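The structure that follows is given in the form of structure tokens.
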Amino acid sequence: MKAALLTAPRPISERPLQLTNVADPAPAPGHVLLKVRACGVCRTDLHIVEGELPPRHSPMIPGHQIVGDVIDGSTAEIRKGSRVGVSWLGGTDGTCPYCQRGEENLCDSPTFTGYSVPGGYAEYALARADFVFPLPNALDDLYAAPLLCAGIIGFRSLRVAGVQPGERVGLFGFGASAHLAIAVLHAWKCEVYVSTRGKSHRDLAASLGAKWVGNETEKPPIALDRAVTFAPSGDVVIAALSSLRKGGVVAINAIHLDRIPQFDYDRLLWGERQLRSVANMTRADARDFLALAAQIALKPKVTVFPLDQANEALLAVKNDAIDGAAVIVP
Ligand SMILES: [Zn+2]
Ligand SMILES: [Zn+2]
């Protein structure tokens, strides 16, 4: 099969992914073999390809927002021919203290799709049968792909931030994940305040019904109950923290941050404000979010790239050159 293969992490401007013919994945016990219909592009893929996340295996096929048809390895729950989604959390051990506590997102021995096992920038992919999600018919391939990480982890971020219906919520950064989270927040009757660099991202936020939109140096006009940050930047985290009311929460939706700058505890964190990270996802997050997405007919804004343009797709994510999400179609 054809796959976009990473042999050594390098800056994306050097086009590190190479379209290569590799052996088809072989069916394995407990796994389903998928013919990939679409694979979303996530900022985490960029961190893998550029080496901010250290390589687990080489070569590697990135991609962890896979929509595919089951062509082998069906189970009682997942039938042959059914269309399923695969996300970042490709598997857990089920036995560690975190799995036992129902916190499988924190598993000590997780499998990550497109990082510790091959992902979906390819024509075929293998996935653990108990970690794939049947996709509602209401969500077509291109719309479903960005939901599988950007959407699910954005949804988890809102949960981690403790968002209650009707609250004032800030979204700091407005890429693939935030443009899906705003739809969830509107379904929950929240007021959404968006702070982001890039005029086209601000225009998109306004068109999606944000109550207030500003650039990265502007502060929302009112104290926020919750905020979620999406940029891999500690400065953005501090900007979000400085926008909170007492008792408010910032959830950091980023697997990697450049750094956290020194900040004034007395002014910014005192008053029971909280700073929390968001790590991975649980299968319950995925099921709950996909059901809600189908119910509210969530339609991401997508830009399609063919498999041989995987580098260009990642470059576009890095440069904030597209609005919404990039999706690779093999
Ligand atoms: Zn575990
Ligand atoms: Zn992701």
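Just so we're clear, the structure is a prediction, and the values are computed from it rather than from any experiment. Each ligand, and each atom within it, is numbered from 1 in the order the structure gives. Hydrogens, waters and symmetry mates are skipped; everything else that's a heavy atom, side chains included, is used.
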Q) Which value, rounded to 10°, describes the SG(C42)-the Zn ion (ligand 2)-SG(C149) angle? A)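 Result: 130°, to 10°.
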Q. Is a donor on one side and an acceptor on the other found under 3.5 Å between the side chain of Q164 and the backbone of G162?
A.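 Yes.
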Q) Between R156 and D285, is there a donor-acceptor pair closer than 3.5 Å when you use the side chain of the first and the backbone of the second? A)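 No: the side chain of R156 does not pair with the backbone of D285.
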Q) So, does R128 use its side chain to make a donor-acceptor pair with the main chain of T92 at under 3.5 Å? A) yes
Q: Would you give the angle at the Zn ion (ligand 1) between C96 atom SG and C107 atom SG, to the nearest 10°?
A: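 Approximately 120° at the metal, rounded to tens of degrees.
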Q | Any donor-acceptor pair under 3.5 Å from R226 side chain to E167 backbone | A | no
Q: Taking both backbone and side-chain atoms into account, decide whether D93 has an N/O/S atom under 2.8 Å from the Zn ion (ligand 1).
A: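 Yes, within the cut-off.
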